[in-house]
Structures are given as C-alpha cells and as structure tokens.
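Everything quoted here is computed from the prediction, not taken from an experiment.
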Amino acid sequence: MSRKRISLRQELPLLVWLVFVWGALWQNFSPGNLLFGALIAVLVARIFYLPPVELGGRFNVLRAVPFVLIFLAKVVAASFQVLYLAVVRGPKVVSAIVAVPLRSHSDLLVTATGHVISLIPGSLVVEVDRSTSTLYIHGINVRNAQDAAKLRKEVRDTEAGLIRIMGSKDELSALTQEVTA
C-alpha cells in the first residue's frame, strides 16, 4: 500500500507521543532509552499506516486549567457515587449504552473526549463510529431517557471544553454560534 508522504511537522506530535509512551512503559526516561524509543517510533510511523494527528494550531492554557480542575472534581464525585451504588444498591443498578453524536470530526478531539469520559468512574466508551463522530458510552445508573440525556449533555460539555482548549478556529466559532443560538 502506498502511503502519502507526511511532513515531519505533521508527524512530530505522533512521534513525541510514541516516545513518551515508550518511556512510560519502560518507566525509564533516560536519554538512551528515549533515543531508542525515538528510533522505534520512526520505524513504526514509517512501516505502519497511521493517520496524521492534525492539530488545530492552538492550545488555550487559561481554559485548560479550569477544565482539569473540573475533571478532577468529577472523578472524585463519580468515585463516591460508584462506591455508593456498589455498596447500597448492588446488583440492582441499571446501566445503559447511550449514543452521543459529537460536534467535532477531528480524530484528536473525538479521542480526547472519549478518554476523558472513560477516566471518570461509571462511564466507559464501548464503541466509536469514526464516520459520524459518535461515541457509544456505557453509563452506570442510567435508568430512563432523562438520565440518558444527562449523560449525553455531560459528554457534549466535555467535548465543548476540549474544543475551547485545543479545537480548530472553525470548531471554536461553530461552538460559539451554537451557544449564542
């Protein structure tokens, strides 16, 4: 299979991420290990077809800090909710799989949204439809349509926060227009 040539500028975020994961897996961030990880990352990126990570060209630190704080608060609150459900309600807890169509079609934002949601206890991404940017979320304690709508809103709010942090200018303007409409 012939692969379209990707510039180093486009491929650099992927390579940096692969080197970071290499160091984390080995729990060794020494220069020699990272250099070997970089060699492996370049080989993996050249041999296997990996779509380029397309960055929006912006990262808003002022939006990222409150997002992280809110995320941590949600993790703590959800941990106590799951504990309560496990101890008090036990096997009577009802859960559901909810389809959540996202605004963004960026692989980076869809992936980031899925990971953030999966890191919050009580929710897990079980499927991603890349063609429609739809996440299928397994949510705990989803008993009715109102609970499903609440889960959808939480996922879309998370996506909106990530768009404000690192979405493209087009995604940000579409989000702003959606909010004002």
Side-chain angles (χ1 to χ4, degrees), residues 13-14 16-18 20-21 24-25 50-56 58-181:
L14 172 66
V16 169
W17 177 249
L18 288 174
F20 174 77
V21 168
L25 288 173
L50 300 169
V53 176
E54 295 178 19
L55 301 175
R58 52 179 294 280
F59 186 85
N60 189 331
V61 177
L62 297 177
R63 295 279 189 169
V65 171
F67 181 86
V68 168
L69 295 175
I70 291 169
F71 166 73
L72 292 174
K74 284 181 180 181
V75 168
V76 170
S79 297
F80 284 110
Q81 181 187 19
V82 170
L83 174 68
Y84 169 78
L85 291 171
V87 171
V88 175
R89 305 250 327 267
K92 298 178 211 159
V93 175
V94 177
S95 58
I97 295 179
V98 179
V100 183
L102 300 179
R103 299 171 191 92
S104 175
H105 291 282
S106 160
D107 287 342
L108 180 64
L109 282 170
V110 171
T111 303
T113 303
H115 282 296
V116 169
I117 291 301
S118 290
L119 288 171
I120 298 172
S123 58
L124 179 70
V125 176
V126 294
E127 180 71 34
V128 177
D129 185 349
R130 188 173 174 209
S131 64
T132 62
S133 290
T134 301
L135 297 180
Y136 293 89
I137 311 286
H138 177 271
I140 195 167
N141 203 29
V142 178
R143 299 174 305 259
N144 51 39
Q146 290 84 8
D147 291 341
K150 182 180 171 189
L151 179 59
R152 273 189 204 93
K153 181 181 179 337
E154 181 179 330
V155 172
R156 288 180 57 89
D157 289 348
T158 299
E159 180 199 22
L162 289 167
I163 289 172
R164 288 183 186 102
I165 293 169
M166 62 182 174
S168 69
K169 291 178 183 177
D170 293 338
E171 290 168 332
L172 187 60
S173 67
L175 180 66
T176 306
Q177 289 175 0
E178 180 183 308
V179 171
T180 58

Trainee: Taking it one step at a time, do L119 and F71 satisfy side chain to side chain contact (heavy atoms under 4.5 Å, CB included)?
Mentor: CA-CA 9 Å; L119 288 171; F71 166 73; 3.8 Å; yes

Trainee: With heavy-atom distances below 4.5 Å as the criterion, would you say the side chains of V126 and I137 are in contact?
Mentor: no

Trainee: Could you pull out the closest heavy-atom pair between P121 and A78, with the gap in Å?
Mentor: O-CB, 3.3 Å

Trainee: Looking at side-chain heavy atoms only, is the closest gap between V116 and F67 below 4.5 Å?
Mentor: yes

Trainee: Ignoring hydrogens, what is the shortest heavy-atom contact between V110 and V128? Give both atom names and the distance.
Mentor: CG1-CG1, 3.9 Å

Trainee: Do I120 and E154 come within less than 4.5 Å of each other through their side chains, counting heavy atoms only?
Mentor: yes

Trainee: Whether E178 and R156 form a salt bridge (side-chain N of Lys/Arg under 4.0 Å from carboxylate O of Asp/Glu) is what I want to check.
Mentor: yes

Trainee: Do N60 and M166 have side-chain heavy atoms sitting under 4.5 Å apart?
Mentor: no

Trainee: Can you give me the closest heavy-atom contact between S133 and S104, atom names plus distance?
Mentor: OG-O, 3.0 Å

Trainee: Test I140 against V93 for side chain to side chain contact (heavy atoms under 4.5 Å, CB included), laying out the working first.
Mentor: CA-CA 7 Å; I140 195 167; V93 175; 3.6 Å; yes

Trainee: Would you say that V82 contacts Y84 through its side chain, given a criterion of any heavy-atom pair below 4.5 Å between the two side chains?
Mentor: no

Trainee: Kindly indicate whether the side chain of Y136, heavy atoms from C-beta on, has any atom under 4.5 Å from the side chain of V125.
Mentor: no

Trainee: When you check the side-chain N and O atoms of D129 and T132, is any donor under 3.5 Å from an acceptor?
Mentor: yes

Trainee: What distance separates R152 CZ from L102 CG, expressed to the nearest 0.5 Å?
Mentor: 12.0 Å

Trainee: Taking the side chain as every heavy atom from C-beta outward, state whether L109 and I163 have any pair of such atoms under 4.5 Å apart.
Mentor: yes

Trainee: L135 versus T113: any side-chain heavy-atom pair under 4.5 Å?
Mentor: yes

Trainee: Salt bridge check: are E159 and R103 linked by an N-O gap of less than 4.0 Å?
Mentor: yes

Trainee: So for atom NE2, which belongs to H105, do other residues, nucleotides or ligands contribute more than 12 heavy atoms lying within a distance under 6.0 Å?
Mentor: yes

Trainee: Does one side chain, of H138 or S123, offer a donor that lies under 3.5 Å from an acceptor on the other?
Mentor: no

